[in-house]
4 protein chains.
Amino acid sequence: MGSRERRQREKEQRRSQILDTARKLLFKKGIDATSMNQIAKNAELSVGTLYLYFKNKESLFAALQEEGLTLLCDTIKEESTKGLTPREKLERVALAYMDFSEEYRKYFDIINYFLTSPEIVFPPSLKSRVDEHVNRILSVVEDILKKGISKDADDRDIRRLAVVFCSSLHGMLQFKKLQNTVLQGEDFRDLYLSSFDCIVRSVLCE
Amino acid sequence: MGSRERRQREKEQRRSQILDTARKLLFKKGIDATSMNQIAKNAELSVGTLYLYFKNKESLFAALQEEGLTLLCDTIKEESTKGLTPREKLERVALAYMDFSEEYRKYFDIINYFLTSPEIVFPPSLKSRVDEHVNRILSVVEDILKKGISKDADDRDIRRLAVVFCSSLHGMLQFKKLQNTVLQGEDFRDLYLSSFDCIVRSVLCE
Amino acid sequence: MGSRERRQREKEQRRSQILDTARKLLFKKGIDATSMNQIAKNAELSVGTLYLYFKNKESLFAALQEEGLTLLCDTIKEESTKGLTPREKLERVALAYMDFSEEYRKYFDIINYFLTSPEIVFPPSLKSRVDEHVNRILSVVEDILKKGISKDADDRDIRRLAVVFCSSLHGMLQFKKLQNTVLQGEDFRDLYLSSFDCIVRSVLCE
Amino acid sequence: MGSRERRQREKEQRRSQILDTARKLLFKKGIDATSMNQIAKNAELSVGTLYLYFKNKESLFAALQEEGLTLLCDTIKEESTKGLTPREKLERVALAYMDFSEEYRKYFDIINYFLTSPEIVFPPSLKSRVDEHVNRILSVVEDILKKGISKDADDRDIRRLAVVFCSSLHGMLQFKKLQNTVLQGEDFRDLYLSSFDCIVRSVLCE
DNA sequence: CATGAATGAGGGTTCATTCAT
DNA sequence: CATGAATGAACCCTCATTCAT
């Protein structure tokens, strides 16, 4: 009576337990320096158990990446509804993106890590899942743009603008890594928003 | 006499020999799948010799990264002189950047790899060398901007604009990885140039 | 009532179910590459259940070996009755033996595997069961010989001849493994029968 | 000054050291129960060193098998020269074969193990090396037969007879495993020689 | 300077077996 | 009876690095 449910719950707990430990280690030491044996030891589980829940090391980390991407997608979608005008909405998206990269810095790092690393290292299946999430994010931006730009822009144009918008912000956030050296003395948020202004000015017909 | 010079020449030849082999393997198999023993064997040298010329594996690959960055810097600097107007010069820079990411794809990958990965994985000394190169590139852009924008913009403003310019392009190139999936059907060069237009329109007072 | 019988029947069904799956996997992938977990999954049973029906992996495969030996014994016995003269009977036996090694190639392999491997690997109990079956086969041959050779041969002589007969055939079949290399271009059946002739000529007084 | 030679000698010593340890363990525990780590520990070497001398576990054991086969070949060849008549020569071969299977029992076991085991387990390259040795042995027998049988027998016939001769003896030796059970009370040497007689009587025209 | 044999901790992964439910 | 999650020792193998020559 409910014992099956309990079992199910326990199984999900274990999964979380593993992911939590893996995440912690990943954030502390990087992907290559985190071994399955370490994860097992830290999670107070046997190695075998890890392989009961994840096919291999790669899929364990892919699960972490997806966690991050899902979180990002959801946040962006939610934030976008809060703004009134298209410009406001885009600003919300931009800031949500930055906030994510700060609050969930390590998630952002790992996402970037997977996104940037040479394809040899990661299999196609992984890439495709990333793409899916990227698509979801682009869609949100496109929906906003549709209402903010001239009516004769076709879907193609809109997608392009969405890509320009997102990639610029992404590039900016990438450069944040340099704020203690190259960008010393700058307030990054200001910089980021001026970048946002710069793009929006060209993208939206205001 | 002259034997010291010969010795010196031979030493540099060895160094190149090692770097050439390492580069070839890196480009073919990725950073993790390239071992010191493999490099030694392919370079027809002993493992010990590798350690005579490079402190460890990491610094060997850092040397390759520097190669890439130097190449990038030089190309950008040279291209920038070819344009006549500031706009033209910036376009040259932008295209040089993209060309580099295509022609020296693997260099770009490895640069990005080092740039993006969590700082823990790589020692500060490495990051600082990257920063130095980024500064050199930004300087080039700043010099162009100085002549293209209103005289009352101060150094700070110029630097900010340079950062916005570069980071946007970089973000765009990052997204290139997605061209076979998310950006299917788009001509990437067009996309890239429209991104360029978008930024330049706001940055330069034309 | 009858429910006990049903239970019994179900138990035997389970056992067969397990053996069937194990046999299929064994024949497909070999003994080492077949794990208990795999058998369980393929049989749509839990691992635990496997251990309810077989003490361990080894005894599961020993059961398969016995299956094979039983099949071989029965076939030989049956065939031996079909011939009219002792010579004919022996030929039947010889051919049945070869046919078995072809049709039930994998059974033959596994029997041989157990027979040939150093004793340390397999416990005595297993060996003794094999011996029992070998005895049964020898008996069949002895019975035939008793009628084909001079009356003054005693049991000892008969057994010896039976052993010579069987072991020669067995050795021949062992060499069949080499037919694609060492014996290239030979028709194995011919070879086998010429070996049979050779022995029978000496064994029987015709 | 001879230092290179000494190095070479040391290398071969190491190789022997490894093979000796591996052989000892193999003979004691069987192939599957002998791990590379165990060999390393027993040989007082590091695991890495093992892999300096042998590509992998398999090739280490293949080397042992070849040792055995080479020994067998050489012994047979040498013995065959000692006999005067063809019959005598064949007897020498047969007895050498049996002696080998006794003295180098474990070698014989491992050879048989490789010969008999299902092909899945061992790669073709291994099998082919075994075949080569088998061929060498058959050649010796053929050369003897050529002088002992009627002149109009062609090469094909001779090879067949050689195969029958060898395989019968081999089968007999296989059955030796059963001497404590099935063949209880028999003197195996007698049995073996009666098998030899049986075959030779048919093969040679005396 | 150059060599390259040696190291050995550590990598990811498998698997027969147990036992609480 | 049946389950199947959990175990953890053991597997084979790699590799950056050292050091005696």
Watson-Crick or G-U pairs under 3.5 Å in DNA chain F, rendered as dot-bracket with [ ] for crossing pairs and | for another strand: .||||||||||||||||||||
Under 4.0 angstrom between Arg14(C) side-chain N/O and dC1(F) OP1 or OP2: no
Ser46(A) side-chain N/O to dG8(F) phosphate OP1/OP2 under 4.0 Å: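 So the side-chain polar atoms of Ser46(A) never come under 4.0 Å of the phosphate oxygens OP1 or OP2 of dG8(F).
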Enclosure of Tyr104(B) OH (heavy-atom neighbours >12, cutoff 6.0 Å):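 No, because the 6.0 Å sphere around OH of Tyr104(B) holds 12 heavy atoms or fewer from other groups.
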Neighbour count >12 (heavy atoms, 6.0 Å) for atom CD, Glu44(D): no
Any donor-acceptor pair under 3.5 Å from Asn56(D) side chain to Ser59(D) backbone: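 Yes.
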Mind calculating the distance between [atom1] ([X]) and [atom2] ([N]) to the nearest angstrom?
{"X": "Lys29(C)", "N": "dC15(E)", "atom1": "NZ", "atom2": "P", "answer": "8 Å"}
{"X": "Gln17(B)", "N": "dA2(E)", "atom1": "CD", "atom2": "C1'", "answer": "12 Å"}
{"X": "Leu52(A)", "N": "dT14(E)", "atom1": "CG", "atom2": "P", "answer": "12 Å"}

Sugar-phosphate only, base, or nothing, as touched by Phe54(B) at under 4.0 Å among non-hydrogen atoms: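 Answer is nothing: Phe54(B) stays at 4.0 Å or more from every strand.
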Most 5' of Glu10(D) and Leu45(B) on DNA chain E, judged by nearest nucleotide: Leu45(B)
Arg9(B) with Glu5(B): basic N within carboxylate O range, under 4.0 Å: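 Looking at Arg9(B) and Glu5(B), the cut-off is not met.
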Contact check, side chains of Leu60(C) and Leu19(C), non-hydrogen atoms, under 4.5 Å: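 When only atoms from C-beta onward are counted, Leu19(C) and Leu60(C) do touch, with a gap below 4.5 Å.
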Footprint string (nucleotides 14-21 of chain F, 5' to 3'): B base within contact, S backbone only, - free, heavy atoms under 4.0 Å: BSBBB--S
Between CD1 on residue Ile39(A) and OG1 on residue Thr34(A), distance to nearest 0.5 Å: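 One finds 6.0 Å between CD1 of Ile39(A) and OG1 of Thr34(A).
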